[in-house]
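A short worksheet on the structure shown next.
Any value given below was found using the heavy atoms of this structure, including those in side chains, with hydrogens, waters and symmetry copies removed.
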Amino acid sequence: MKIVFATNNTHKLQEIRAILGPSFEVVSLADIGCHEDIPETGQTLEENAMMKAEYVYNKYQLSCFADDTGLEVDALNGAPGVYSARYAAMADNGSTAISHDSEANMARLLHELGNNNNRKARFRTVIALIEKKDVCPCGCTAIKKVHTFEGIVNGEIIRERRGGEGFGYDPIFQPEGYDQTFAELGADIKNQISHRARATQKLAEYLKTL
């Protein structure tokens, strides 16, 4: 089955392909000739995921899914949350960081947590799927079906970076039940237990029913 994943993030693409396996041909935005910077102006992960999926579906009329992920830290009242990818760039401290600057994002998070002993956090991924359904055999008219899938992994923010794999906040997030960070555990284990893995497994279970 061929389906569009509304991303050009190579890390996400590799993770999703590994989780879904060979039964699905997952293509990126670049693969369908979409090079636009799709707006992510929603106030929630759900809104952002749906916004990206809707953009692709409306322009290309292809079944597609999009995700948005946030790191939610208890002691920071759920921040950075929906702003995780651009957390440092939003800092009102003269920061010159740009969106998706992982090092700067981690530095701001660790600074704001300081010596707070409450390090509880969770990663949450929301996947929005828009499924094209042909109304007649020739495909001249179509309807769409919308589905959302959520994956959560609880853990804690450690006090210093550990590990060289992964991306984003992986070097400072230690999942519950493990004594290593996502960046130390490696892709094989992360792809079994991560927030994205859990949301993607729900997506895969649904797609296999089609």
Side-chain angles (χ1 to χ4, degrees), residues 4-9 11-13 15-16 28-29 34-60 62-113 116 118-131 144-157 167-170 172-173 175 182 194-203 206:
V4 179
F5 180 21
T7 188
N8 277 323
N9 183 311
H11 294 292
K12 284 187 178 183
L13 199 58
E15 279 191 2
I16 289 284
S28 69
L29 292 175
C34 180
H35 302 286
E36 295 91 335
D37 187 13
I38 302 175
E40 296 180 49
T41 55
Q43 299 301 304
T44 65
L45 300 178
E46 290 82 359
E47 288 177 4
N48 276 345
M50 189 60 66
M51 194 175 294
K52 290 183 283 187
E54 290 263 2
Y55 182 94
V56 174
Y57 179 84
N58 291 338
K59 184 167 183 177
Y60 298 93
L62 296 170
S63 294
C64 63
F65 66 92
D67 80 319
D68 200 25
T69 293
L71 174 64
E72 301 169 347
V73 181
D74 280 8
L76 300 179
N77 298 315
V82 72
Y83 305 110
S84 295
R86 52 191 186 278
Y87 195 44
M90 299 173 63
D92 187 21
N93 60 1
S95 172
T96 58
I98 60 173
S99 183
H100 294 87
D101 185 337
S102 297
E103 288 299 320
N105 288 337
M106 284 189 286
R108 180 183 178 188
L109 182 63
L110 291 173
H111 175 74
E112 293 197 351
L113 267 180
N116 195 317
N118 179 6
R119 318 294 289 191
K120 291 182 180 179
R122 68 176 187 168
F123 266 120
R124 189 164 69 92
T125 288
V126 175
I127 292 176
L129 167 69
I130 298 182
E131 180 190 353
K144 67 180 182 182
K145 289 189 174 181
V146 177
H147 312 268
T148 57
F149 309 91
E150 181 184 63
I152 294 173
V153 60
N154 293 308
E156 62 179 300
I157 303 299
F167 60 100
Y169 295 90
D170 285 358
I172 60 172
F173 182 82
F182 270 158
S194 78
H195 45 294
R196 187 170 293 108
R198 290 172 180 178
T200 305
Q201 289 296 346
K202 293 176 183 178
L203 168 69
Y206 173 76

Contacts of type side chain to side chain contact (heavy atoms under 4.5 Å, CB included), residue Ala107, not counting sequence neighbours | Arg161

Minimum heavy-atom distance [X]-[Y], with the two atoms named:
{"X": "Ala199", "Y": "Gly151", "result": "CB-N, 3.6 Å"}
{"X": "Tyr55", "Y": "Cys34", "result": "CE2-SG, 4.2 Å"}
{"X": "Ala53", "Y": "Ala66", "result": "N-CB, 3.7 Å"}
{"X": "Asn154", "Y": "Ile152", "result": "OD1-CG2, 4.1 Å"}

Side chain to side chain donor-acceptor pair (under 3.5 Å) partners for [X], two or more places apart:
{"X": "Tyr60", "answer": "none"}
{"X": "Gln201", "answer": "none"}
{"X": "His111", "answer": "none"}
{"X": "Tyr87", "answer": "Glu112"}

To the closest 0.5 Å, what do you measure between [atom1] ([X]) and [atom2] ([Y])?
{"X": "Lys52", "Y": "Glu40", "atom1": "NZ", "atom2": "CD", "value": "4.0 Å"}
{"X": "Phe149", "Y": "Leu129", "atom1": "CZ", "atom2": "CG", "value": "5.5 Å"}
{"X": "Met106", "Y": "Asp170", "atom1": "CE", "atom2": "CG", "value": "8.5 Å"}
{"X": "Asn8", "Y": "His35", "atom1": "CG", "atom2": "NE2", "value": "7.5 Å"}
{"X": "Glu15", "Y": "Phe167", "atom1": "CD", "atom2": "CZ", "value": "4.5 Å"}
{"X": "Ile157", "Y": "Leu113", "atom1": "CD1", "atom2": "CG", "value": "6.5 Å"}

Using the salt bridge (Lys or Arg N to Asp or Glu O under 4.0 Å) criterion, which residues pair with [X]? Sequence neighbours excluded.
{"X": "Lys12", "answer": "Asp67"}
{"X": "Arg119", "answer": "none"}
{"X": "Lys120", "answer": "none"}

By ring pair (Phe, Tyr, Trp, His ring centres under 6.0 Å), which residues pair with Phe123, not counting sequence neighbours?
-> Phe173, His195

Taking the side chain as everything from C-beta on, heavy atoms only, tell me whether [X] gets closer than 4.5 Å to [Y].
{"X": "Lys144", "Y": "Glu54", "answer": "yes"}
{"X": "Thr148", "Y": "Met50", "answer": "yes"}
{"X": "Thr44", "Y": "Val126", "answer": "no"}

Output a table of donor-acceptor pairs, distance under 3.5 Å, between side-chain atoms of residues 68-85 and any protein atom two or more places apart or on a different chain; print 'none' if there are none.
from  : atom 1 : to     : atom 2 : distance (Å)
Asp68 : OD2    : Asn48  : ND2    : 3.0
Thr69 : OG1    : Thr125 : OG1    : 2.6
Thr69 : OG1    : Arg196 : NH2    : 3.3
Glu72 : OE1    : Arg122 : NE     : 2.6
Glu72 : OE1    : Arg122 : NH2    : 3.0
Glu72 : OE2    : Arg124 : NE     : 3.1
Glu72 : OE2    : Arg124 : NH2    : 3.4
Tyr83 : OH     : Gln43  : OE1    : 3.2
Ser84 : OG     : Leu71  : N      : 2.9
Ser84 : OG     : Gly81  : O      : 2.6

What residue pairs, at least two apart or across chains, pass salt bridge (Lys or Arg N to Asp or Glu O under 4.0 Å) with a residue in residues 79-91?
-> none

Ignoring hydrogens and geometry, is there a side-chain-to-backbone donor-acceptor pair from Lys202 to Glu150 under 3.5 Å?
-> yes

